[in-house]
There are 2 protein chains.
Amino acid sequence: MAARARIEDVATAAGVSIKTVSRVLNREPNVRPQTRERVMQAAQALRYTPHVSARSLAGNRSFNIALLYNNPSDNYMMGVISGVLSACAHEHYHMILCPAPLQEDEVLECVDELMARSRPDGLLLTPPLTDSPVLLNRLDELEVPFAMISPKLRDQHVGVAMDEPLAAEQMVEHLAGLGHKRIAHILGHPAHGASGWRLAGYRRGMARAGLAQDPALEVPGEFSFESGVAAAKVLLDREDRPTAIFAANDDMAAGVIHVAYERGLRVPQDLSVCGFDDTPMSRQLFPALTTIHQPTDEMGRMATLALLGYMRDQTCTGIRCVPHTLIVRRSTGPAP
Amino acid sequence: MAARARIEDVATAAGVSIKTVSRVLNREPNVRPQTRERVMQAAQALRYTPHVSARSLAGNRSFNIALLYNNPSDNYMMGVISGVLSACAHEHYHMILCPAPLQEDEVLECVDELMARSRPDGLLLTPPLTDSPVLLNRLDELEVPFAMISPKLRDQHVGVAMDEPLAAEQMVEHLAGLGHKRIAHILGHPAHGASGWRLAGYRRGMARAGLAQDPALEVPGEFSFESGVAAAKVLLDREDRPTAIFAANDDMAAGVIHVAYERGLRVPQDLSVCGFDDTPMSRQLFPALTTIHQPTDEMGRMATLALLGYMRDQTCTGIRCVPHTLIVRRSTGPAP
DNA sequence: CTGTTAGCGCTTTCAA
DNA sequence: TTGAAAGCGCTAACAG
């Protein structure tokens with residue numbers, strides 16, 4: 001492997017000083033277009049790539065952003081990760097992955113260690129870390145810029161989110177359109193902001209469809225398959241059982257289908273089931289699940305761009321909205 | 001945030017030169033135990049953490065290892081990633097994620113760019129990149145150390161793998177033990193080494209159980225749900241259809257269950273189905289899938305340690321074996 | 001618009 | 001066993 005070109009080599013080749021090369025490479029102003037062009041060509045000819053560590057050391061920034069997560073869904077995380085990576089590549093940043101524990105106080109240790117070791121220039125938070133006041137306070141103390149994906153509270157923050165209430169409302173509308181009257185909702189984990197938003201959308205949808213708001217139709221869950229199983233048992237044990245169950249995510253919907261089959265109910269003939277997230281599994285269940293598509297990679301990408309924008313200019317705040325899609329598959333059908 | 005301690009501060013606090021501190025921190029020899037102790041305490045008191053970029057620049061290594069992947073399974077990748085991260089944290093390395101395209105020639109560009117930008121000290125390959133001669137040649141040219149996870153060929157390489165043939169053989173043994181005679185196998189993607197190993201195990205299992213080797217029972221697939229659906233249709237359309245189908249992964253097994261249900265077959269009463277990988281989905285299908293557990297995180301961890309070991313000492317080669325587990329769930333039962 | 005100078009915090013010679 | 005000095009490749013501040 002040939003020795004790597006340094007900035008000095010480019011400067012010599014272009015007949016300018018290294019400072020000028022630096023300016024061109026960093027898109028700084030005050031370079032004559034002609035000079036700029038000459039430098040660019042020299043750099044290209046030498047296949048010059050700046051040395052990240054040198055840049056980082058001299059410029060006092062790491063060019064790293066850290067993605068902090070404790071979300072157990074592999075599909076969700078890989079989606080976000082690809083989005084973050086594509087935005088990072090584009091902006092010549094690196095992504096550091098930082099798995100965090102579930103315990104709030106342990107998260108702090110984890111963050112401190114991250115900051116000490118990797119010195120990221122910014123952080124990206126995924127739910128439910130987005131909703132931990134303890135963590136957010138610490139980050140403010142550290143004065144490190146951060147952006148969030150689907151935070152519970154959207155004021156004075158930077159990041160992205162879906163219109164979750166609207167999505168949930170549309171799901172209820174879909175079910176009501178199929179003639180369902182008794183539509184149940186299995187809630188997500190209470191610590192996740194999404195659970196509240198989805199519940200709100202469910203209620204709004206029921207109201208809009210003119211359906212009775214029965215508290216007995218709102219059953220707690222925690223986003224896990226097992227919690228879906230437990231909730232489904234509660235719902236299906238009732239005499240006046242619902243004809244449709246809207247679970248706050250796909251894993252819980254899978255649990256509902258399990259219970260339905262165990263009791264000899266057919267889906268969707270006897271019971272319509274739907275979820276939220278459009279995980280790959282939702283297509284592979286039988287029957288394939290009606291659900292809401294969440295564009296996780298786009299969310300990762302936009303959150304990264306929002307973070308980088310905010311790092312440059314602290315006035316660039318706000319939660320950008322990404323579009324969702326209702327995916328109708330075979331698990332929902334006309335009310336019996 | 002208080003200014004960060006530098007090596008000089010530690011040196012002053014311990015009353016030694018910075019070189020001595022450096023020696024202690026890098027576990028180099030030639031330091032009196034007493035001095036070493038003093039330095040350690042000073043470092044701890046000042047909460048000193050070496051500056052990665054400075055170390056990297058001066059030492060001419062990045063302390064990065066890159067995980068190269070184009071495997072579409074999110075669960076597989078997240079498993080490997082957590083293993084890699086835990087090993088990296090332990091060894092004070094960083095992981096760079098490098099998603100690669102499926103096309104072989106495009107992979108090369110991707111690697112070149114990775115090397116130019118991140119200058120990783122070593123690479124980790126996941127299947128099917130492990131089986132791309134073009135890529136392996138390029139890495140040899142670049143003289144960058146690399147380790148592999150589940151490579152097809154295991155000679156003169158460093159990395160980890162499962163005993164896939166044994167696992168597949170045990171699955172067949174399980175089915176044969178339930179009285180099945182006509183056991184079909186849906187193969188994985190031909191470009192993946194795993195497909196060959198699993199097929200070999202299937203055949204060995206059939207032979208050991210004294211069952212007829214019928215080529216008609218070996219149907220091609222490519223690890224996708226859709227390919228599982230297609231293969232299942234072929235198998236279940238036959239007059240003398242198999243009583244058990246062993247798919248080379250869980251996604252294809254999910255496809256088999258779909259087709260079975262569409263034809264009114266019950267699983268496992270009419271047809272036993274099993275997969276491979278133990279993805280989270282395998283528990284959530286109905287009925288829950290009998291499968292082989294692949295310890296992806298342990299594989300990531302061990303591959304990383306193997307890579308780091310090899311980077312230190314090029315004679316540390318060899319493919320380490322990780323244990324698998326047969327997980328019997330509800331999708332396999334007595335032959336009808 | 002362009003160049004010069006002085007570091008960033010560490011490791012690596014080499015000398016003591 | 002220890003230390004002094006010289007850079008690693010780049011950016012920042014200031015001077016032209």
Side-chain angles (χ1 to χ4, degrees), chain A residues 2-40 42-43 46-64 92-94 115-119 121 312, chain B residues 2-40 42-43 46-64 92-94 115-119 121 312:
Chain A
R4 181 149 257 143
R6 291 158 308 142
I7 195 170
E8 199 186 329
D9 303 323
V10 179
T12 309
V16 295
S17 76
I18 60 170
K19 179 58 208 171
T20 302
V21 178
S22 172
R23 271 200 266 271
V24 172
L25 266 39
N26 294 300
R27 289 173 202 144
E28 283 172 35
N30 296 332
V31 180
R32 215 186 326 160
Q34 187 187 337
T35 314
R36 184 179 297 272
E37 187 55 33
R38 201 144 35 90
V39 171
M40 293 293 272
L46 294 170
R47 298 164 153 276
Y48 171 72
T49 316
H51 193 297
V52 188
S53 300
R55 236 152 78 101
S56 160
L57 182 59
N60 194 31
R61 32 192 208 139
S62 64
F63 295 97
N64 284 332
H92 297 270
Y93 263 78
H94 279 168
M115 296 305 296
R117 270 214 222 305
S118 310
R119 310 181 191 213
D121 299 329
R312 278 189 214 98
Chain B
R4 181 149 256 142
R6 292 157 310 144
I7 194 170
E8 200 186 327
D9 303 322
V10 178
T12 309
V16 297
S17 75
I18 62 170
K19 177 59 205 170
T20 301
V21 178
S22 172
R23 272 200 266 270
V24 172
L25 266 38
N26 294 300
R27 287 170 205 147
E28 284 172 34
N30 296 332
V31 180
R32 216 184 325 156
Q34 185 188 340
T35 313
R36 183 178 297 272
E37 187 55 32
R38 202 144 35 90
V39 171
M40 293 293 271
L46 294 170
R47 299 165 153 275
Y48 172 72
T49 315
H51 192 298
V52 188
S53 300
R55 233 151 81 101
S56 161
L57 181 59
N60 195 30
R61 29 193 209 137
S62 65
F63 295 97
N64 284 331
H92 296 268
Y93 263 79
H94 279 168
M115 296 304 296
R117 270 212 224 306
S118 311
R119 311 182 191 210
D121 299 329
R312 277 190 215 98

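Sequence lines set the chain letters: A, B, ... in the order given, protein chains first and strands last, and positions in each chain run from 1.
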A/Arg117: salt bridge (charged side-chain N to carboxylate O under 4.0 Å, His left out) partners, not counting sequence neighbours = A/Glu113

query = Is the distance from OP1 or OP2 of C/dG3 to the nearest side-chain N or O of A/Thr20 less than 4.0 Å?
reply = yes

key: Boundaries of the chain B footprint along DNA chain D (any atom under 4.0 Å from a heavy atom)   = D/dT1 to D/dG9

ask   = Taking only residues two or more places apart in sequence or in another chain, which ones pass side chain to side chain donor-acceptor pair (under 3.5 Å) with B/Glu28?
value = none

ask   = Who are the side chain to side chain contact (heavy atoms under 4.5 Å, CB included) partners of A/Arg312, not counting sequence neighbours?
value = A/Glu91, A/Leu308

message = Could you work out, with side chain to side chain donor-acceptor pair (under 3.5 Å) as the rule, every residue matching A/Thr49, not counting sequence neighbours?
response = none

remark   = Sequence neighbours excluded, the answer for side chain to side chain donor-acceptor pair (under 3.5 Å) partners of A/Asn60 is none

message = Please list all pairs meeting salt bridge (Lys or Arg N to Asp or Glu O under 4.0 Å) that have one or both residues in residues 7-18 of chain B, counting only residues at least two apart or in different chains.
response = B/Arg6-B/Glu8, B/Arg6-B/Asp9

query = Residues two or more places apart in sequence or in another chain: which of them pass side chain to side chain contact (heavy atoms under 4.5 Å, CB included) with B/Arg32?
reply = B/Gln34, B/Thr35

inquiry  = For B/Asp121, give me all partners under side chain to side chain donor-acceptor pair (under 3.5 Å), at least two apart in sequence or on another chain.
reply    = B/Ser62

By ring pair (Phe, Tyr, Trp, His ring centres under 6.0 Å) - contacts of A/Phe63 (at least two apart) = A/Tyr93

Base versus backbone protein contacts along nucleotides 6-16 of chain C [heavy-atom cut-off under 4.0 Å; B, S, -] = -BBBBBB----

inquiry  = So for the helix from C/dC1-D/dG16 to C/dA16-D/dT1, with five pairs setting each end axis, what is the inter-axis angle to 10°?
reply    = 30°

Residue pair A/Ser56 / B/His51: nearest heavy atoms and the distance that separates them = OG-CE1, 4.4 Å

